[in-house]
Amino acid sequence: MNPIVDTVDLDRPHSDAAGTATVAAVPLSAVVKILNPHGLHARPAARLVQEARRYDARVQLRNLDTGAGPVPATSLSRVAALGALHGHRVEVSATGAQAREALQHVVDLAERRFDEPEPAATEQAAPVAHNGGPLAASPGIAIGPAIPIRSADVDVPDEEAEDEVVEWRRLRAAVAEVRRQIQRVRVTAAQEAGVGEAGIFDAHLMLIDDAELLDDVHTRIRTGLAAPRAWLDAIGAVESEFAAVPDPYLRARAADVHAVGQQVARVLVGAPEILIDGQGVVIADDLTPAQVAGLDPTRVKGLVLASGSPTGHNAILARSRAIPAIVAAGAGVLAIPPGSTIALDGTSGKLYVNPDADTRHQLEALDERARAAATLAMEAAHAPAITADGVEILVGANIGSVADAQAAAAHGADLAGLVRTEFLYLDRREAPTVEQQVEVYRALAAALDGRRVTLRTLDVGGDKPLPYAPQPPENNPFLGMRGIRLALAQRDLLHDQLQAIVHVAHETPVSVMFPMVSTLDELLEARRRLQHVIELDGRGTPDDLQVGIMVEVPATALKAEAFAPHVDFFSIGTNDLTQYALAAERGNPAVAAIGDPLDPGVLRLVDSVCRAASGRCLVAVCGELAADEKAAALLVALGIRELSVAPASAPRVKQAVRLAAAAPDHDLLPQCLTATGPAEVRALLR
């Protein structure tokens, strides 16, 4: 049955008494009948809200069968709680400059059942297998029972609220982070289960951006509540509205509201989400980096993620914690019964469910050999990594804390090849002082027993906002104000950090590294700021101070010749370089298989940097490619003379270097650079 339209003739402009067309004298209205089998539940409601927000009009809805409303059509929490069931009549009214267009559009949407798939199609739809299959993410063998994971509700502490502006920024930053999380999960759901099933995540996105909900949170913050309590109280009120709806299907959507509310709350308070029941292999759709960081390696033998990317931060953390893992395994793994025996090879990306005795024996033999090799590597960890033809390659560690620096020293790292200094800036209400930074940098140097420390200047931006360095929203923060761009704009932040770096550089070998450099002007301006700080310090340039840049932008790699005279070293961040070169975001599971750092196009960019730097400055790799033992021979042959990896990976990378040759006696290099794709490169490396 088609929706019933009455009250206004949509083809005739409304006029005032003088006959002049007007946009707001009397609301335009129509009545539609809800044709969706489950009524105006989350997904069709999200579609309605999404479309209503497009127009310069105030659109309201009223349920004529229950008397509920009117409610704004731009608020998901209000629309979904309207209780509009199949067959109910809903009055739609609109005022404003685009009232007529908005009203007609809502009527058309209702006729199309708000673009919800036909019930038969939904019932018959089968899950779509992951096209690329599981991807290796963290090396090692893991065998054990599949263990369930569960989420615990956030326990919000009784904290005293800061200034209203601070608490509101805190809330907005948490919502922005959760929005990114949901968008990535939505991509996975669309790929694995179809666009229709992914629609629930559109509802989640609409909910966290709901103007009425956020206004309620803001009002509560104004009364003196801290952001976490204000958020949970406001979202709790919405959840209660859903729970009170008579229809059981709509009432069940309260669980979705609760889940989204908890997701934002966890970000606000930094709470861990995953609780492990038992020991074995964790299977999950996806985990945040914080969740991976919270896993207990003594209980979690391995990790299987339905989505994710090998270059995602969660995979990086799994590698740094020596937890074997595979990612992008597909939605089917979520149906594996708890307790099933899981065997995974995090090196090859192979996954076995209830493997037979022969397969299990083979994996156990592989594991035994790997453990023996790891023991040998650890025994030689503190010896230099010298290639078969006598060239020494520095193997450093990527660190983000003093504990990481201690682990790097224990695993024989030659230096800190990358210190992610943003760990000092995140999760704070104000920037660290110069004195606080000096204290931490000294502690890093002490933990490394005087080895060189490479301090990357603050690398944050639209994707990692700081409450004390607010920025306007960006449509694509990965291409916006981040890295050196933001640092140069935030003069005080950069000045203080350079002041702390110069101070410590007079005491211990230090390298300063500027991130996300894309133009020579940026480098020259950064060097001018550094020189200004050195002059203010008054002790001259520190003897062991070196200056370098991250090479993450393809254009920077291609014009490395212009940068070389102004740096002591290049450090190639292959994670970002790969995602920019291949237009494949590193955290997007839908394109995880595309974003491969062994793609010949990426390798040619690395080659371009090495050729420009030859005889002039050192070239390092600090991305995840540096930890790939099979790639060591290729990187050394290209001209890389420093590899910086997770602390625990340093011993085995050193072993891989010792088996390589700086001047290979075959045509490995040209073959890899002219290969058709990363699979061919891997075959050549084998």
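For this chain, numbers begin at 1 and follow the sequence in order.
- Taking CD from Gln262 and CD1 from Ile235, the interatomic distance works out to 10.0 Å, rounded to the nearest 0.5 Å.
- Counting only heavy atoms from C-beta outward, the side chains of Leu634 and Leu669 approach each other to under 4.5 Å.
- At distances below 3.5 Å, at least one donor-acceptor pair connects side-chain atoms of Asn575 with backbone N or O atoms of Glu624.
- Contact record, Val281 with Ala142: CG2-CB, 4.4 Å, taken as the closest heavy-atom pair.
- Dense packing is recorded around CD of Gln436, with more than 12 heavy atoms of other residues, nucleotides or ligands lying under 6.0 Å away.
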Worksheet item: Can you list the steps and then say if Arg180 with Glu177 is a salt bridge (Lys or Arg N to Asp or Glu O under 4.0 Å)?
Response: CA-CA 5 Å; Arg180 287 189 288 271; Glu177 171 58 26; 3.1 Å; yes
Worksheet item: Do Arg482 and Asp576 pass the salt bridge (Lys or Arg N to Asp or Glu O under 4.0 Å) test, and can you show the C-alpha distance, the side-chain angles, and the key distance before you say yes or no?
Response: CA-CA 13 Å; Arg482 56 177 301 201; Asp576 273 333; 3.7 Å; yes
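- Note that CG of Leu685 is 10.5 Å distant from CD of Gln671, once rounded to the nearest 0.5 Å.
- Listed by first and then second residue, the side chain to side chain donor-acceptor pair (under 3.5 Å) pairs involving residues 646-657 are Asp414-Lys654, Glu629-Arg652, Ser649-Arg652, Gln655-Arg658 (not counting sequence neighbours).
- In this structure, Leu344 CG and Tyr352 OH are separated by 10.0 Å, a value rounded to the nearest 0.5 Å.
- In this structure, CG on Leu635 lies 10.5 Å from CZ on Arg641, to the nearest 0.5 angstrom.
- Partners of Thr375 by side chain to side chain donor-acceptor pair (under 3.5 Å), not counting sequence neighbours: none found.
- From Leu444, atom CG reaches atom CD1 of Ile399 across 5.0 Å, with rounding to the nearest 0.5 Å.
- Side-chain contact between Ile640 and Val606 is present, with heavy atoms from C-beta onward closer than 4.5 Å.
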Item to complete: Apply the test side-chain contact (heavy atoms from CB on, under 4.5 Å) to residues Leu363 and Arg360: give CA-CA distance (whole Å), side-chain angles for both, the deciding distance (0.1 Å), then the verdict.
Response: CA-CA 5 Å; Leu363 290 171; Arg360 183 162 181 162; 5.8 Å; no
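- The environment of CZ in Arg371 is sparse: at most 12 heavy-atom neighbours from other residues, nucleotides or ligands sit within 6.0 Å.
- For CD of Glu364, the number of neighbouring non-hydrogen atoms (other residues, nucleotides, ligands) closer than 6.0 Å is greater than 12.
- Under a 3.5 Å cut-off, the side chain of Glu552 and the backbone N or O of Met516 do form a donor-acceptor pair.
- Of all heavy-atom pairs spanning Val304 and Ala329, the tightest one is CG1-CB, 4.1 Å.
- Counting heavy atoms from C-beta outward, Ile141 and Pro324 have side chains that stay 4.5 Å or more apart.
- Taking CD of Gln263 as the reference point, atom CG of Leu268 lies at 11.5 Å (rounded to 0.5 Å).
- Val602 has its side chain within reach of Leu582: a pair of non-hydrogen atoms, C-beta onward, lies under 4.5 Å apart.
- Here the shortest heavy-atom pairing between Ile283 and Ala146 reads CD1-CB, 3.8 Å.
- The two residues Asn398 and Ala646 have their closest heavy-atom pair at ND2-N, 4.3 Å.
- Counting heavy atoms from C-beta outward, Val681 and Asp596 have side chains that stay 4.5 Å or more apart.
- Pairs passing the salt bridge (Lys or Arg N to Asp or Glu O under 4.0 Å) check and including a residue from residues 337-354, sequence neighbours excluded, do not occur.
- Residues satisfying the side chain to side chain donor-acceptor pair (under 3.5 Å) criterion with Thr359, sequence neighbours excluded, are Asp356.
- Ser571 is linked by a side chain to side chain donor-acceptor pair (under 3.5 Å) to nothing, counting only residues two or more places apart in sequence or in another chain.
- Between the side chain of Arg451 and the backbone N or O of Leu448, at least one donor-acceptor pair lies under 3.5 Å.
- Side-chain atoms of Ser340 do not come within 3.5 Å of backbone N or O of Val353 as any donor-acceptor pair.
- Considering only heavy atoms from C-beta on, Trp231 stays 4.5 Å or farther from Val269 through its side chain.
- When the side chain to side chain donor-acceptor pair (under 3.5 Å) test is applied to Thr421, the partners found at least two apart in sequence or on another chain are Gln497.
- Minimum interatomic distance between Gly601 and Asp599 (heavy atoms only, all atoms of both residues): N-OD1, 2.8 Å.
- Of the candidates Val395, Thr454, Val453, Thr454 is the only one forming a side chain to side chain contact (heavy atoms under 4.5 Å, CB included) with Leu415.
- Checked by atom type and distance alone, the side chain of Arg319 pairs as donor or acceptor with a backbone atom of Ala137 at under 3.5 Å.
- Under the 4.5 Å side-chain criterion, counting only non-hydrogen atoms from C-beta, Met550 is not in contact with Asp459.
- Of all heavy-atom pairs between Ala626 and Ser644, the closest is CB-O, 3.6 Å.
- Side-chain contact between Val619 and Leu638: absent, with no pair of heavy atoms (C-beta onward) separated by less than 4.5 Å.
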